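Keep in mind it's a predicted model, so treat the numbers as computed, not measured. Throughout, a chain's letter reflects where its sequence line sits, starting with A, and its residues are numbered from 1.
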Amino acid sequence: MAVERFLQPRASSWMTNDGKNVDIAMSTRIRLARNLNNFKFPYAFTEDEALKVDKEISSVLLDKGNELDYTFSHISIEELAELQKEILVEKHLISPYLINSHHSGSVLLSDNEELSIMVNEEDHLRIQSLQSGFQLQQAYKIANELDSLLEKNLSYAFHEKHGYLTSCPTNVGTGMRASVMLHLPALTMSHQIQRIIPAISRLGMVVRGIYGEGSEALGNVYQISNQLTLGKSEYEILQDLENMTEQIIQQERRAREAIALNSPVVIEDRIYRSLGVLTHSRLLTTEEAATCLSDVRLGIDLKMIQDVDMSILNELMIFMQPAFLQQYADKPLQPKERDFARAKLFRERLNRNGINSEGEDLA
Amino acid sequence: MICDQCGERSASVIVKQQQQDQIVKVNLCHICAAENHSINIAFEQDPLAIHQLLSNWFPNSQASINPVRKEVATCPSCGFTFSKFLRIGKFGCASCYDAFSPQLNEIFKRFHNGNTEHNGKIPASYGTTLKIKKEIEELRKQMQISIQGENFEEAARLRDEVKILSAKLEGGIPDGS
Ligand SMILES: [Zn+2]
Ligand SMILES: [Zn+2]
C-alpha cells in the first residue's frame, strides 16, 4: 500500500538539523490554499463534486509531478486505518480536519515528505511545503513552483480584487500561511514571551504555543505565522515574518546568555536532571518528555551536552506521540501503557546513540 | 450548545483562549477539544473562532434581512445566505464573494489590517487579462481628460485603442505571453 513508506518511524528530511538558526528554529512551513473554478467549495459541495475535484487534482500531480522532479503517492483518507491516519497527523503530513471530514479527501505526498498536498480539506487544495530550520524563502519557492505547475493545468478560483478565493475569509488574497516553529526556553523561563506575544499580534502576525494539558507551551515550542493574507504580496509577507522571526531569535539568544551568566549551576543542574529523566525513567508523560526534551536541547545549544544528536530530539518529539507509540508497540495502548512505551522509546533511542548511561538497566 | 469550532457536534467543554489581548471562552465538542490539546499546531484550527468574531461585528446581520431592501442576500450558485456565512464563518463557493460583496470590504478590513485588495501572485492565465483591463481603465481616464480639454482627435485615437483591447479581451487571450 502506498501509505506504508510514510508510516515508518524514520525522520523526514525537514526533521533533520540542517539550515539557518537550527538551534532555535526547528522547522519552516508554507501553506497555500487554492480552490478550483466550477466546483463549490468543500463546505457546500456534494460527494460527487468531491470525487471529481480529487480526480482532477490528483491526475495533474501524478502525471506532471515529474516536470518538477517529484514523484507523488496518492493516498485516499477513507482507505486508511484509524491509526494510520493519526500517524500522518502526528507527522504533520495531514491535518486533523482532513481526517474528520465528511466527504472524500486525499493527500498526495512527495517521496521526501517535503511536499504534502491535501485535497478537499477546508479548501480544494492545500499545498504544504516543509523545510528544516528557518528557510522561509526556500519553502516558499518549492510551494510556489508546484502552485505554478498546478495552475497551468487547472482553473483556479481567482478574483481580480480579492485574489485567490478561499473558504475562510482569513485566507483570501495570497492564500498563504507561512510559519516557523521556534524553541524558546529562555524567553519562556524569563517570562519575556508574555510581552512578545501580544506585541506581535498587532503587526499582522501571531505567536502561539503548542498547548499541552491546558498549560503553557508544551516543550517551550512556539509557532510564529502571518495572520494577514490580503493586501501584501507573498514577498512582503515573507519579509515581515522573516524580520520578526530574526528578532525573536536574537532575543532568545540574549536571554540564553543572561541565564547562563546569572545562574550557570542552576541551569546545568536542570539540564542534566532532564537528561537523566529521558535516559532512565520507566514512565514518561507527554508533558514531562516535552519539558525534558526542551532542557536537553538547550543543553546541546549551550554546549553542556556534547554526545546527543539534535536530529534525534526532533524525531523523538514526533515519535513520542500516541499513534506512533502504538505502532512501535504493535498494539493499542492505554494512557499508562503509553507512558511506559514512551519511556522505553527514549531510553532506547538515546542510549543507543552514544550516551553512556551509568547505572544498570534493570528492566 | 453547538461546538464553536466545527459548528456541528454539541459542545461538551469550555476552553479559555488568549486571542489578541483578550481571553475568549470557546465551547468545544470532545473531538475539537482533543485537537486543541494535541501537540500538533502545525495546522491552524480556526484560532480566531472566526464565526464568533463575525457575529460580534455584525450582531444585527444575524437576522440577515436587509432593512432597506427587505431581502436576504443569497448566493445563487451554492445557496448560502449571508447569515449562514456569518454563522459558520466560511464561504460556500467563489460566487459567494460577489453575492455578499457589499459587506465584504468591512469584513476583510478587520481580518487583514484594513486591506481589501489582493497585491500578490496572479495566475498566469489571469495575468494577461488583468493587465489588459488595467490598460483599458487607464486609456479611458486619459480619454476623459482629452474630452474635457476638447482634444477630440486624441480622444478618438484613444477610443480606438480601447476598442482593440476590448476585442482582445472578449476573444480570450492565447496562453502565455
Ligand atoms: Zn467540534
Ligand atoms: Zn456561494
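With H112(B) contributing its side chain and T229(A) its backbone, the two residues share a donor-acceptor pair below 3.5 Å. Side chain of N119(B) to backbone of G231(A): a donor-acceptor contact under 3.5 angstrom is found. The closest donor-acceptor contact from the side chain of H118(B) to the backbone of V172(A) lies at 3.5 Å or more, if one exists at all.
The shortest distance between side-chain heavy atoms of F39(A) and C93(B) does not fall below 4.5 Å.
For R140(B), the CZ atom counts as loosely surrounded, since its 6.0 Å shell holds 12 or fewer non-hydrogen atoms of other residues, nucleotides or ligands. Dense packing is recorded around CZ of F152(B), with more than 12 heavy atoms of other residues, nucleotides or ligands lying under 6.0 Å away.
For the residue pair N113(B) and L203(A), the shortest heavy atom distance occurs at ND2-C, 4.2 Å. Minimum heavy-atom separation, G92(B) to A44(A): O-CB, 3.4 Å. The two residues F80(B) and Y43(A) come nearest to each other via the heavy atoms CZ-O, 3.9 Å. Heavy atoms only, all atoms of each residue included: K121(B) and S148(A) are closest at NZ-OG, 3.0 Å. A pairwise comparison of heavy atoms in P169(A) and F108(B) identifies CB-CE2, 3.9 Å as the closest pair. For the residue pair H162(A) and N105(B), the shortest heavy atom distance occurs at CE1-OD1, 4.3 Å.
Taking NZ of K161(A) as the reference point, atom OG1 of T116(B) lies at 4.5 Å (rounded to 0.5 Å). Separating the CG atom in L230(A) from the CZ atom in F111(B) is a distance of 12.0 Å, to the nearest 0.5 Å. Atoms OG and NZ, from S95(B) and K40(A) in turn, are 10.0 Å apart once rounded to the nearest 0.5 Å. For the atom pair N38(A) CG and S77(B) OG, the distance stands at 9.5 Å (nearest 0.5 Å). In this structure, NE2 on H159(A) lies 4.5 Å from CG on D98(B), to the nearest 0.5 angstrom. A distance of 9.0 Å separates CD of E160(A) from CD1 of I122(B), quoted to the nearest 0.5 Å.
For the set I200(A), V206(A), D147(A), the count of heavy-atom pairs under 4.5 angstrom toward chain B peaks at D147(A). When the candidates M176(A), E236(A), E234(A) are compared by the number of heavy-atom contacts under 4.5 Å with chain B, E234(A) comes out ahead. In terms of heavy-atom pairs under 4.5 angstrom with chain B, the leader among S167(A), A157(A), G163(A) is S167(A).
K90(B) and T166(A) share no side-chain donor-acceptor pair at under 3.5 Å.
Neither the backbone nor the side chain of H124(A) has a heavy atom closer than 4.5 Å to any heavy atom of chain B.
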